[in-house]
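Count residues from 1 along the sequence. Every number for a ligand or one of its atoms is a count from 1 in the order of the listing.
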Amino acid sequence: MAYIQFLGAAGTVTGSKHLVNSGADSSGKGDFQILIDCGMFQGLKEWRERNWQDTPMPAREIDAVVLTHAHLDHCGWIPRLVKEGFRGPIYATQATIDLCGIILPDSGHLQEEDANFYNKHKKSKHDPALPLYTLAEAETALRSFQAVPFDETKQLCPEMSFRFVRAGHILGSSMVELSLQTNGRSRRLLFTGDIGRVRDHQLTPGKVVRSEPTEGEAADVLVMESTYGNRQHPTDDPRARLAEVIRATVQRGGTVVVPAFAVERTQKFVFMLKDLMESGQIPKVPVYCDSPMAIKAVEIFIKHSEEYSDDTRKLIGQYGSPLQWPGFTFASTSEESKKINDSKYPCIIVSSSGMVTGGRILHHLAQRLPDPKNVVMFIGFQAPGTRGFIIKSGAPEVKIFGEMVPIRAQIAVFEQFSDHADTPELLRWLHTFTQKPSTTYLVHGEPAASAQLKDAITKELGWNVQVAHWMEKAQIG
Ligand SMILES: [Zn+2]
């Protein structure tokens, strides 16, 4: 019998990996197996250690990967899967493939750097410390990617086909509608990946790509994210307070440091800064986007104009590409990055990684955190266990490069930038379904968030909802 097995993002928000097994076909031929997403576990050590475990079935027996979007917690384990022997195609939208083209090699590079660092400082109990995969291995994996346009049906095997529909989460993001023939019946499975903001252009100012996941879905089995299953995003426009914090910091001679993922969130923030500068709400101080992939991320973004929000279209129409904006510097080499460190004048530094788990943001924070003139601005989700989470939660110090760094800089938190639907939005989206799923499995959420969303859906829609458990197999009847 066909089944789904939850290999990740069950009980946590990272490591998204859902296996779908078609069951043996009528001729008794072997099962067809696909992975919906193949993400990396991030955050607490307990989770990260799972990145080192093999898949429960040999990787070479998995026939294909279908990828919803280019966030590392959804795509970051693909090079490892290939390293373990996977030889099938990896299907994604063209924008997702373009983004993976910068994100996965960068991830391989960071892991090599980490392993080198630990080996040099003998800080690992593993001797020698190894990268999960290298930059070269990430590049090898990219060769297996194949583009599938939105709304086009792709046949995987006689029993299985799928179609990408819009998720409205980040550039290129999709949900996967999977059709499966099992036991002589046709079953429709919907995997949401991450769900973007629902019908909320007013509530998501600065949204750079169009919002709104596809509505009017129908599914027999729904596998749904629950990141914000117990939360509601603030509904106020962040721009006024953002401007206030930046003005105050610049006035006292400080620097604004913003940990942000180089893709999407950085663009969103930079567009908002430009808007605030041009309308005279903040001074025109230098803005540094310091990430090895910042320039490439902007180029990919510019290329996919079909996904722009109206605001983005207007801003680009008026001021052109961010790469040409005066006062905005996109640093790609490490020399350029070091120059930013020398800057003694007020400026705004946007650097990755977004959860301060690695990358150039570490240098900027090690240098700027001890000074109370500066401000660290959080505009993204911080998973428990990450340095970002520690700094955001008001700790007096944080370990960076093996040293404890005192946190004296101010901390400013903005929750309005989320690219995930919150609880009311998720419920609103579910209300548009034309067919009630026989079972809804909640994944990609902390246990409390998933549990509360389960209650909310059960109460409001009367659906049968279960919170998925790690390694659990759910039969598809
Ligand atoms: Zn995502």
Knowing that exactly one of E307, E306, E177 qualifies, which makes a salt bridge (Lys or Arg N to Asp or Glu O under 4.0 Å) with R166?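 Testing R166 for a salt bridge (Lys or Arg N to Asp or Glu O under 4.0 Å) against E307, E306, E177 leaves exactly one candidate, E307.
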Which count of protein N, O or S atoms is obtained for distances strictly below 2.8 Å from the Zn ion (ligand 1)?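 There are 4 of them.
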Measure from the ring center of F330 to the ring center of F328 and say whether it is less than 6.0 Å.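 So the answer is no for these two rings.
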Identify, with sequence neighbours excluded, every residue that meets salt bridge (charged side-chain N to carboxylate O under 4.0 Å, His left out) alongside E299.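 Partners of E299 under the salt bridge (charged side-chain N to carboxylate O under 4.0 Å, His left out) test: none.
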How far apart are the closest heavy atoms of P259 and I379, and which atoms are they?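 Looking at all heavy atoms of both residues, the shortest contact is O-CG1, 4.3 Å.
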Go through the steps for Y288 and S337 under the test side-chain hydrogen bond (donor to acceptor under 3.5 Å, both in side chains), then give the verdict. CA-CA 9 Å; Y288 298 102; S337 176; over 6 Å; no
side-chain hydrogen bond (donor to acceptor under 3.5 Å, both in side chains) evaluation trace for D63 with Q33: CA-CA 5 Å; D63 297 286; Q33 306 193 91; 5.5 Å; no
